[in-house]
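Let me give you the structure first, and then I'll get to my questions.
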Amino acid sequence: MIRITGGKVYDPANGIDGEIKDLCIDDHGKFVASVSGGRTIDATGMIIFPGGVDVHTHVAGGAINFARAMTPEDHRRTQAFMRTKTRRSGLGGMAPTTFATGYLYAGMGWTTVNEAAVPVLSARHTHEELADIPIVDKASLTLMANNEIMLDLLEQGEFERAKQVVAWYLWAAKSYGIKAVSPGGVAAWKWGKDAKQLTSPIAGYDKLTPGDIVTQLARICDEMGLPHPMHLHCNNLGAPGNIATTLDTLKHLEGRRAHIAHSQYHAYGGDGWDTMRSETTQLAEYFNTHPGITTDAGAVVFGDTVTITADGPWQHLLYKLTGRKWGNLDVENETGCGIVPYTYRPSNLVNAVQWACGLELLLLIRDPWQVFLSTDHPNGGCFWRYPEIIQLLMNADVRKECLQKIPDRIKSSMVLPEITREYTLSEIAVAMSAGPARALGLKEKGNLGLGCDADLVIYESDPDVLKMFGHPRYVIKAGEVVIEDGDIREAPQGKEFLVKPAYDPATDEFMRPLFEDHYTMSFENYPVEFERLEHPELRDCIPVTER
Amino acid sequence: MGGKVTCTLGEVKQRADFIIYWGGNPAECHPRHFTKYTIMQKSRFLPRGRKDRTMVLVDIRETKSAKAADIFLQIRPGKDFELITILRALIKGQPVADEQIAETGLSRAVVDDLIARMKRAKFGCMFFGMGLSMTRGKHMNSAALLCLAAEMNAFTKFVAMPMRGHGNVTGADVIMRWQTGFPFGISFNRGYPRYNPGEFSTVDVLVRGDCDAAFIIGADPGATMPQPAIDHLARIPTIVLDPHVTHTSRIARVHITTAPQGIAAPGTAYRMDELPMPLKPALKSPYPSDEEVVRRINEAIARKPFWLPDGRQPQMVATLG
Ligand SMILES: [Zn+2]
C-alpha cells in the first residue's frame, strides 16, 4: 500500500489538470479511495503523471535482434547496466538489449509498450523476448497486410473467409492487434518490386490493390471488435511527394477506425530528394477534420540510429542512398523486414525536413488525443530520447535554437519556423500516456482514476524540461516503486496483453492444406502455445457496432 | 559495407529458381535440405519443382552433392574470396583480367555464364557452408558473399544464408544477442556484457587458462578444441550437462546426465533461418532436462550472499571507452 500526498496531479483521462491531490494504491496495484498503513510518499512540490504508454515501438523479435547483431560497434560505446542482486546486466544504445529496454523505459517513466510488428511465424521468438523485458506491461501487433493466404482470399472476394483467417492468425500469434505495413508492398518486394499506387493491382495479383486491403482489413478489425483499431503503416513511406498516397490511403478507410503509424514519414511534398518539403499542413488538416483517427508522430531526432521496418523496398532504397550496412529478412507467406544503420543530420535537406515534420504534426494537429509521442523506435531515434522531444514541444525558444543549426535554404521547405504553439503539461500527459492508452483500448492505463492500474511517474518540478522528464524522482508500476532517485529499486515482471477474436472452428481445417503449401514447419507447431506467455492477460473483443 | 540479405527457408521453397551452394555438402551434411526446402519442392510459383530450378554447386572437390547439381564449379582451394570479388566486379561491368579469373580455376566463359544466369534468375539464393566460412579468409569470405548477394539486388531478387551446424547453435546465438547484444565471445567479468571474439571466445579463455571453472551444456569441446584448452578443462572444476558420455564428460569433475532435448525434454530450437521451432518430446526420461538443472543451480546460487558487499549497488557505466 502506498499513499502519495501533496503532488500536483495531471490526469487528463479524468479532466484533472494540475490539481493538488492525494493518491492511494492498494496491495493489488490499483488506485483506491483510501488506504490505512503502508508507505507514504510526500510529493509536495512535485508533478504526477500517469505512466507513459508507447503506442508504437520495436523492442522485441527477429527484426530488432537482427539490428543488435548488425551494430556491435554501437554496443561498445553505449550505456552499460551492471548486474545487481535484483537486476540483470545489459546494454542501452540504438538497439538496447531486452533487460536494458525495461530499465530504460521505466527509468524515464514509461510503464506500457506496444511492440508494433510481429510476424506470426516468429511470434514465439517475440514473446520470449517480451518476457525478458522487465517492469513494463506489453502488447504486440501481428503483421497482416502482406499475408499471401489472406491476400488470395481478398483477391477472390472471399471477405468472410478472410476475416476468419485473420482472427485465426491473431490467436496463433497470441498478440493484441493487427498491423498493416505498406499493404501489398512487402508481398511485391518478394519479387524485388513495390506497391506505391493505392489503386493499381499488386505484383502477382490481377485485381487486388493496396486500397482494397486498407478498406477490408480496417473492416475486419472493426467487425472482430479488436480493442485497438487497424494499426496502419501507409504505402510509399519516406518518399518525396508521398502525401498524395497518404491522403488517398485515409480515404480508403471509408470512415472506419484506424491508427496511422509514424505519420511523419508519410507527410512529404516535392518530386525528388532535392525538392522534398513538408506537407504536414495538409495531413494535420485531415486529422483536424476527422476526429475518429489517431496517429503517432514517428518523430526524428538528429544523430545515429538504426532503422528497421517490415517495409523491405524502402530499406533497399535507404541502403542504396547511404551505402551502409543492409540487413533484409523475407518471412515466408507473411512479411519481411529490412535493417539499415542511419544518421540523421541537420545539414541534410531530407533529414531536416523529417525532423521538422515530426514536430509539426505534433503541433499542428490540434487535439492531443489524436497525435502521440513516438519516434517509431529505433527508426526516427531511440525511445530514450523522448524527453528531448517533450522539451521541443513545450518550449518554442528551444525550437528556435535548433532551427539555427539548419541552413536557411532548407527552412523554406518546412513550416516549423512559423509555429508558436507550446504544449502544456496536461497536453504532454495526453500525448505520452492518456492518449495512446485510450487508442490502444487499455482503459486502466494512462488513467489515475479509481480502479485503474497504479502506473505513475513523479517528477521534481523543474523549469529545465529536459532534466525533469529525463530523471523522474519516482516511478511506480502496479503499485510498486520501481525507480527512486535514479536507482532501479525493483524489476518486477509486467503483463502481456492479448486477444482471442472469435472464429469459425472449421478454419483450422481450411488452413491446414494452404499452410502445408506455403510454409515449411508443421501445422501443429505453428500457433504459439498460450502457456508460453508470461503473465498473459486476455482482453475482450467487442464489435464496433455493438459498443 | 556489410550486413545480411536473407529470408526464411519457406521463401526459398516458394520462389527460388536459382540456388547456389557454396562450400557446403548438403547431400551429406544437411540431407533434408534439397527435399524439404530447396531444389525438389514444387510451389505455386515453380509448379514443375526441380525442372523449374537451377542448382549450382561451388566447391574445391566433387562431393556427393555435385550429382544433384545442374552445374558444378570446381575452384582452387583458398580462392573463394578471389572468385567472389571477381563476381562482384563483373556484375557491375568492371574489368577483370583473364589471368585473375584463371587463378580461381574457372574460365571466363564459365564465369560469364554464371553471371548471366544469376541476373536472369527471378529469385536467387546462395547457401554457404563451412567450406567457405572456416577456410582461408574465414569471415572475410562470408562477408564478401553476403555483399555479393546484397549487390545482386540491383539486378534481381537475391538472398544468402549460412548453413549452420548441428544442435541448437542458432538458438544460443539468438538468445545471447537479445540478452547481451552479442552472439558469442562475451565476457561478464566487469558486471556487464563485453564482446571480443579472439579474446573472450571459449577456446581463447581456456587456452590462456583465464577461467577457474567451466560449465558446459550441449557441447563437446573435449572432442574438437586444441590440447591446451582440453588440459585446462581437466585442471579446473568442469561441470558437464549431457545425455551422453562424451570426451568432455570424461575429463569433467561433475557430469550430470540430462534428458535429450527434443527426444525426452521439451524446449525450443532455432532453425538455421532463425525461426523458433517447439520441441515436443516423444519419450519420457528418468533424467531432468538441462533447463531444470540450470534452474535448480540458479536457485541454490540465489541463496548465497551476493557477489558484491552489502549496500553496494553498482548502477550504470556511461560512455565506455
Ligand atoms: Zn514501426
Side-chain angles (χ1 to χ4, degrees), chain A residues 60 62 64-66 68-72 75-85 88-93 95-99 121-122 124-125 128-129 132 189-192 316 319-320 323-333 336 339-340 486-488 517-521 525 529, chain B residues 1-15 36-37 43-45 122-123 150 153-154 156-159 173-175 177-183 188 190-195 268 270-271 273-278 280 302 306-308 312-321:
Chain A
I64 188 81
N65 214 30
F66 198 158
R68 292 183 188 113
M70 277 177 54
T71 53
H75 304 333
R76 194 160 258 267
R77 64 184 181 192
T78 193
Q79 183 183 28
F81 288 85
M82 301 217 1
R83 182 171 81 91
T84 73
K85 184 116 191 162
R88 307 277 299 261
S89 66
L91 298 173
T97 60
T98 49
F99 306 123
L121 194 56
S122 57
R124 203 172 260 110
H125 173 174
E128 288 192 344
E129 280 201 37
D132 271 353
W189 171 243
K190 304 253 172 101
W191 296 117
H316 181 229
Y319 151 74
K320 285 196 289 186
R324 287 171 74 168
K325 295 180 201 178
W326 176 35
N328 179 81
L329 172 65
D330 290 342
V331 178
E332 61 209 55
N333 186 61
I339 294 128
V340 180
D487 281 354
I488 300 161
D517 261 10
H518 285 78
Y519 289 87
T520 51
M521 71 188 286
N525 282 344
E529 306 85 335
Chain B
M1 275 299 300
K4 180 161 116 180
V5 177
T6 191
C7 65
T8 63
L9 287 165
E11 283 296 294
V12 179
K13 167 186 153 181
Q14 286 286 333
R15 296 169 206 267
K36 266 190 96 171
Y37 307 121
S43 77
R44 70 193 286 194
F45 306 120
K122 276 189 163 164
F123 187 116
N153 281 270
T156 186
K157 182 84 189 177
F158 236 90
V159 296
D173 180 315
V174 166
I175 293 174
R177 241 156 54 208
W178 85 55
Q179 296 201 339
T180 73
F182 306 116
F188 292 96
R190 286 191 189 161
Y192 63 89
R194 288 182 304 148
Y195 173 65
T268 310
Y270 281 74
R271 210 163 71 176
D273 55 2
E274 301 198 356
L275 286 182
M277 301 287 147
K280 294 182 178 162
F306 189 55
W307 63 289
L308 285 172
R312 274 188 60 198
Q313 290 284 305
Q315 278 300 306
M316 32 191 97
V317 184
T319 22
L320 298 167

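Note that the structure is predicted; figures quoted are calculated from it, not measured. Residue numbers begin at 1 in each chain, while the letters A, B, ... track the order of the sequences.
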Between A:T520 and B:G10 the two heavy atoms that sit nearest each other are CG2-CA, 3.4 Å
For residues A:M521 and B:L275, determine if any side-chain heavy atom of one lies less than 4.5 Å from a side-chain heavy atom of the other.
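No; the side chains remain at least 4.5 Å from each other.
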Non-hydrogen atoms of chain A under 4.5 Å away: do they reach the side chain of B:T180, the backbone, both or neither?
backbone
Where is the tightest heavy-atom contact between B:K280 and A:N525, given as atom of each residue plus distance?
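Smallest interatomic distance, heavy atoms only, reads NZ-OD1, 2.9 Å.
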Pairwise distance CG(A:L329) to CD(B:E11) - rounded to 0.5 angstrom
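Answer rounded to 0.5 Å: 9.0 Å.
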Distance in Å, B:I175 CD1 paired with A:E128 CD, rounded so as to fall on 0.5 Å steps
6.0 Å
Going by side-chain hydrogen bond (donor to acceptor under 3.5 Å, both in side chains), name the residues that satisfy it together with A:N328, two or more places apart in sequence or in a different chain.
A:W189, A:D330
Heavy-atom pair with the smallest gap, counting every atom of A:F81 and B:Y192:
O-CB, 3.6 Å
Out of A:G93, A:G90, A:G92, return the one with the most heavy atom pairs under 4.5 angstrom to chain B.
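Counting heavy-atom pairs under 4.5 Å, the top option is A:G90.
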Taking all atoms of both residues into account, what is the closest heavy-atom pair of A:S89 and B:G191, and its distance?
CB-O, 3.2 Å
Does some side-chain heavy atom of B:V174 sit less than 4.5 Å from a side-chain heavy atom of A:N65?
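Yes; the side chains approach each other to less than 4.5 Å.
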Do you know the tightest heavy-atom contact between A:R68 and B:W178?
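Looking at all heavy atoms of both residues, the shortest contact is NH1-CB, 3.3 Å.
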Of B:V12, B:N153, B:D173, B:D273, the largest count of non-hydrogen pairs under 4.5 angstrom with chain A goes to B:N153
Return the option, out of B:F182, B:F188, B:Y37, with the maximum number of heavy-atom pairs under 4.5 Å with chain A.
B:F182
Restricting to non-hydrogen atoms, name the atom on B:A154 and the atom on A:H316 that form the minimum distance, rounded to 0.1 Å.
N-NE2, 4.5 Å
Checking heavy atoms, do the side chain of B:P183, its backbone, both or neither come under 4.5 Å from chain A?
neither
Which of the residues B:K36, B:E274, B:R271, B:M277 is involved in the greatest number of heavy-atom pairs with chain A at under 4.5 angstrom?
B:R271
Quick check on B:Y270 against chain A: is it the side chain, the backbone, both or neither that has a heavy atom closer than 4.5 Å?
side chain
For chain A, find which of B:R194, B:Q179, B:R44 contributes the most heavy-atom pairs closer than 4.5 angstrom.
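Most heavy-atom pairs within the cutoff with chain A belong to B:Q179.
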Any side-chain heavy-atom pair from B:T268 and A:H125 closer than 4.5 angstrom?
no
